[in-house]
Amino acid sequence: MRILGIETSCDETGVAIYDDEKGLLAHQLYSQVKLHADYGGVVPELASRDHVKKTIPLIKAAMAEANLTPADLDGVAYTAGPGLVGALLVGATIGRSLAYAWNVPAVAVHHMEGHLLAPMLEDNPPPFPFIAVLVSGGHTMLVEVKGIGEYQILGESIDDAAGEAFDKTAKLMGLDYPGGPLLSKLAEKGDSSRFTFPRPMTNVPGLDMSFSGLKTFTANTIAANGNDDQTRADIARAFEDAVVDTLVIKCKRALKQCDMKRIVIAGGVSANRHLRAKLEDLAKSIGGEVYYPRTEFCTDNGAMIAYAGMQRLKNGEHNDLGVKAFPRWPIDTLKPIKA
Ligand code: KG4
Ligand code: ZN
C-alpha cells in the first residue's frame, strides 16, 4: 500500500510518499520562513496563498523522486487540523480532489497525531505504551499513549505552547523569526549559573504547564542587566533551562503516574538538543528509553502525515467527498485503531 501525504497546516508545505513495505519513498519540503520573516511571525493569508503555489509542484516532485505515477497510489492523506484554517483548506482541497480524480480514498489526518507517530519512521520505532511529550509551536501536551488513537491527555500548557514561548522570547531578544532554534543556539554560549528563571507550575500538583510568564521574566532580566552579547547568551540559557527543566519535571511526574518508563518526544521543540539530553538523563535514571524523530521530522513535514494516514486508511477510515478542515481538533477524540 502506498500513500501520498500532504501537510499545509502552518508555514511549511510538506509532501511525501510512504509505502507500508518499503518505507518512505519520497519526501519534499518547502519552508515559508523567508516569506514571513519581515513580519516576525506567520501571516495566515500569505501562508495560504503560498501553499496554493507550492503544493502541486511538490506533489509532482515527490512523484518524480519515487518514480511513480498516480496509478501506483492507494490513497491520499492530508492534514485536516489543527492549524490555520486557510492553510489547512489548501491541503484538504488539493488532497481530496486528487483522491477523487485518481479514484482512491482520501483520509483526513490530525497534525499532532502525525507528530506523535513521526518516531515510527525511524529504524528503531518506539513500542507502545509510552508517554509522549508533544512540543510544537501550537501545542504542548503530555499524552499517555497505549496504541494508535489511544490517547489520554495528562496535561497541557494553559497558555503559550513551548515553541511559541521560544519564538516570542526570541523576538523580544531581537532574534529573527522563527526564533526557537536561534535562541537555542545563543543559549549554547550562555552561562547557566548566572540567572535562574522560575519553573512555572512545578510547585503545584498536576501535569498542566504555563510558559507565558517566562517572556516577562526575560524582558525584566534584559531591563535590569542590559543586552550585551554575553548577557543575551546567559538570558537565553536561563530561559531554555527553565522550559527544559519544567518539561522534564512534568514528564517525570507523568511517567510515575502511569507507571511507565518509555518516553517519546515529538513536534518542533523535540529538535532541541538540550531537551533531548535532559530527557535521556531522566530515562537513564529510571532504566527507561527515549525516542524522537530525526531532526527534519521533528518540525512539520509530509512524511509523518503519509505515515499516520496509512495507519488510518488500513483501519478502514476514509472521508466522504466533502472538503473539511478543523482548526481546533482535540487529539483525544481520535478513534483507537483496532489491533
Ligand atoms: O511542529 P512545528 O514545526 O510546528 C507546529 O506544529 O507548531 O514546531 C515549530 C516550533 C517553533 O515554535 C520553533 O521555534 C520550534 O518548534 N523549534 C525549536 C527548535 N527547533 C524548532 N524550539 C527550540 N529549540 C529548537 N532547536
Ligand atoms: Zn507541527
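Atoms within each ligand, like the ligands themselves, are counted from 1 in listed order.
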Looking at [atom], what's its closest protein heavy atom, distance included?
| atom | value |
| --- | --- |
| atom 13 (C) of ligand 1 | D167 OD1, 3.7 Å |
| atom 3 (O) of ligand 1 | D300 N, 3.0 Å |
| atom 24 (N) of ligand 1 | N272 ND2, 3.0 Å |
| atom 7 (O) of ligand 1 | G137 N, 2.8 Å |
| atom 21 (C) of ligand 1 | G268 O, 3.3 Å |

Correct closest heavy-atom pair for A161 and S136 would be CB-O, 3.7 Å

May I ask you to check whether [X] and [Y] show a side-chain donor-acceptor distance below 3.5 Å?
| X | Y | answer |
| --- | --- | --- |
| H27 | E65 | no |
| D234 | Q230 | yes |
| H274 | E188 | no |

Does K54 qualify as a cation-pi partner of Y30, given the criterion of NZ or CZ under 6.0 Å from the six-membered ring centre and within 45 degrees of its axis?
yes

At under 4.0 Å between heavy atoms, what of H139 touches ligand 1? The answer is neither

Once you restrict to heavy atoms under 4.0 Å, what part of R273 touches ligand 1? Side chain, backbone, both or neither.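 Looking at R273 and ligand 1, no heavy atom falls under 4.0 Å.
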
The NE2(H111)-the Zn ion (ligand 2)-NE2(H115) angle, to 10°, is 100°

Item checked: C10 near ligand 1 by a heavy-atom separation under 4.0 Å ->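 The answer is no: ligand 1 sits nowhere under 4.0 Å from a heavy atom of C10.
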
So is H111 close enough to ligand 1, meaning a heavy atom under 4.0 angstrom away?
-> yes

*Could an N or O of ligand 1 be found under 3.5 Å from any N or O of G163, whether backbone or side chain?*
yes

R294 and E122 ion-paired at < 4.0 Å: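 Counted as a salt bridge, because a side-chain N and a carboxylate O are separated by less than 4.0 Å.
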
Would you say R276's side chain and S270's backbone share a donor-acceptor pair under 3.5 angstrom? yes

Which atom of D300 is nearest the Zn ion (ligand 2), counting N, O or S only? It is OD1

